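Letters A, B, ... mirror the listed sequences (proteins, then strands); counts begin at 1. Here the structure is a predicted model, which means the values were calculated and not measured. Just so you know, these numbers use all the heavy atoms, side chains as well, and skip hydrogens, waters and symmetry mates.
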Amino acid sequence: MWRRASLYIYALVAVIYLTLPFAWVAAVSFMPEREVTQQHWWPEEPTIGNYSLYFDVEGRTADVGAAIARQFPRAIVNSLIIGTAVMLLNLTCGSLAAYALSRLPFRGNLLLLLFYLGSRSVPGVAIMIPMYLLMRSYGLLDTHLSVILSHTTFTLPFTIWILKGYFQTVPLDLERAARVDGCTPLGALLRVFLPVTTPGLVAVGIFAFIASWGEFLFALLFTTTIASRPVTVLASDFAQELGVPFTVIAAGGVLVILLPLVLSFIFQRLIIQGIGGSVTG
Amino acid sequence: MARVRLKNLTKHFGDVVAVDDVTLDIADREFLTLLGPSGCGKTTLLNMIAGLESPTVGEVWFDDRNVTAVAPERRDIAMVFQTYALYPHMSVFDNVAFGLKMRGVPAEDRKRLVLEASKTMEIEHLLDRKPRALSGGQRQRVALARAIVRDPGVFLLDEPLSNLDAQLRVVMRTELKRLHGELDMTFVYVTHDQAESLILSDRIVVMKDGQIQQIGTPETIYDSPANTFVAGFVGSPPINLLKGTLEQSAGGAWRVVGKGFGCDVAASIVEQMETPEGREVYLGVRAEDIGVGEVLAEGSTSGKSNVDLTDIRATVVVREPMGSDLYLTVDVGGSNVKVRTRPDVRFDRGDSVELSFDPKKIHLFERESGESLVPDR
């Protein structure tokens, strides 16, 4: 009884701790500017005016921060392109590597895996300059590709690690049964192995996407114009412009966070299965 | 329908020899069991027949076709796995139909065949369910249906009953025997359960350390084990093995004499040996071939009258009533001997008894090599 009650209390505290800041930002984004200075917790006269600035519906070009806000839709598209590409790269390279590591015995198997993981422990700042020089010499600065490549380098080891563990829970007999049932090795992979590992693939895909969506350092370093700048970098511009109303910034924050949030809710069940679960035949 | 021939099959995994030079001829429609402890190479051998492992050396033939290099999907086989290996993302119907679909069987025929197989396995009411919603026994039936639906030439079964509870195992064992009777297929069955192998098989192949120890009908394997390993592995409880030496009495009769026992040996057995006198042997005697009686007086016993008289004194150590039988563990000169007798026998722990071994049923094994010294019965 007490055990259960304390568990619920813990869960409640955790939920409040995690959601309150976001809930407050969301509430502020619907407030007129003066309500923030009055230290309201909840909008008394809710408005969508802060959002309209982003989509330029009223032609409010004179507002402070409007120039940045109007670039938001384009920046979100940039983030979307980068995030999706990072996700797809993670899924293709990650699943193939994890499949090999979990299924095909080869010399140096474990060493390779540790090398992947080790590369994850190098802080981004340490490789910032060499990567910048690399991107410059390949002429990739201010392109989506530069950000995609850099994000993939630090998400892929994690993807491989998670997927390898997940793939190992798939009974070998499942693929063998598929072979006996008439599948080629590739057919067994596509028709049996990949469908049963969907939760794991979805989970790492979403993680890679969200990690890329929220990454700031490399995106800031490699992008200069709105042609490639993702939304996290653009949002930081608000900090450099004086007098941008807090309500407008809050609306921007909500816009940035919305997509990962929706994705997490949609795939919630698969993510939990993919991280905590295993496949049984 | 297919005759399966294995020619000098050998499989190495690194330095480990999993299967060592196995040659075997499996007749069409035969039920052949590969029996042995875990790690004896029986599953590897089955996988090589299936094409899931390629042999290091040797060939696999189906009828007149060398299939050694043929991929599993191109061999006319079906397989049932220990873990069932049902596709968790498909319904029971799709699981059973999958192999047909892969072979391009039209949808209508597929449906008909799946229904037929489901009827045979009595799973018609489960076709819409996912495997996770099935019990162990139901999964097993689905796995069998998936295998028989394609009407393969060779049906491979890898310990299919080992994940079932004891009661269900008995039911499914009968089911398998019925299936073999109904289907025109060659069955190759892998198990470590000697009782299963005795009940189901036309022939048994006993394996150890990748090598065949003996091939024979269940009766041959049980009554004339080729060596101490086969004798000990097949039969429950395991055969009693007692250390002894062959001696000739003044009257010319041969006996095995060991610590606390002496037992007559038929002259026909000894005649085949070059130097029987003083030869060190194991005397093997099964629990049901031992008579047990009360100690009446020096040199005489009550009890089974059809057993020749011997003079083996023993003390009861454990009494295990099993309902239809009674098992006694008795001490003979420091060795434990299992005796199977009638449940109404009253001997209990600490009682002195006299045992009699049936000379016609005893086994003699060379002590050093473990090979049988008794010709096939």
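Annotation: B:Lys7, atom NZ; neighbour count of heavy atoms from other residues, nucleotides and ligands within 6.0 Å is above 12. More than 12 non-hydrogen atoms from other residues, nucleotides or ligands lie less than 6.0 angstrom from CZ of A:Phe106. Counting heavy-atom neighbours within 6.0 Å of B:Asp165 CG, excluding the residue itself, gives a total above 12. Heavy atoms from other residues, nucleotides or ligands lying under 6.0 Å from CZ of B:Arg178 number more than 12. Annotation: B:Asp128, atom CG; neighbour count of heavy atoms from other residues, nucleotides and ligands within 6.0 Å does not exceed 12. A:Leu111 CG: 12 or fewer foreign heavy atoms inside a 6.0 Å radius.
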### Query
When you look at A:Leu174 and B:Tyr87, which way does the side chain to side chain contact (heavy atoms under 4.5 Å, CB included) test go after all the steps?
CA-CA 7 Å; A:Leu174 270 186; B:Tyr87 311 122; 3.9 Å; yes
### Task
Please step through side chain to side chain contact (heavy atoms under 4.5 Å, CB included) for the pair B:Asn47 and A:Arg176, ending with a clear verdict.
CA-CA 9 Å; B:Asn47 285 339; A:Arg176 294 185 149 177; 3.2 Å; yes
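The minimum heavy-atom distance between A:Asp173 and B:Thr83, with the atom names listed, is OD2-OG1, 2.9 Å.
For residues 180-195 of chain A, a heavy-atom distance under 4.5 Å to chain B picks out A:Val180, A:Asp181, A:Gly182, A:Cys183, A:Thr184, A:Pro185, A:Arg191, A:Val192, A:Pro195, given by residue number.
Residues passing the ring pair (Phe, Tyr, Trp, His ring centres under 6.0 Å) test with A:Phe209 are A:Trp213, sequence neighbours excluded.
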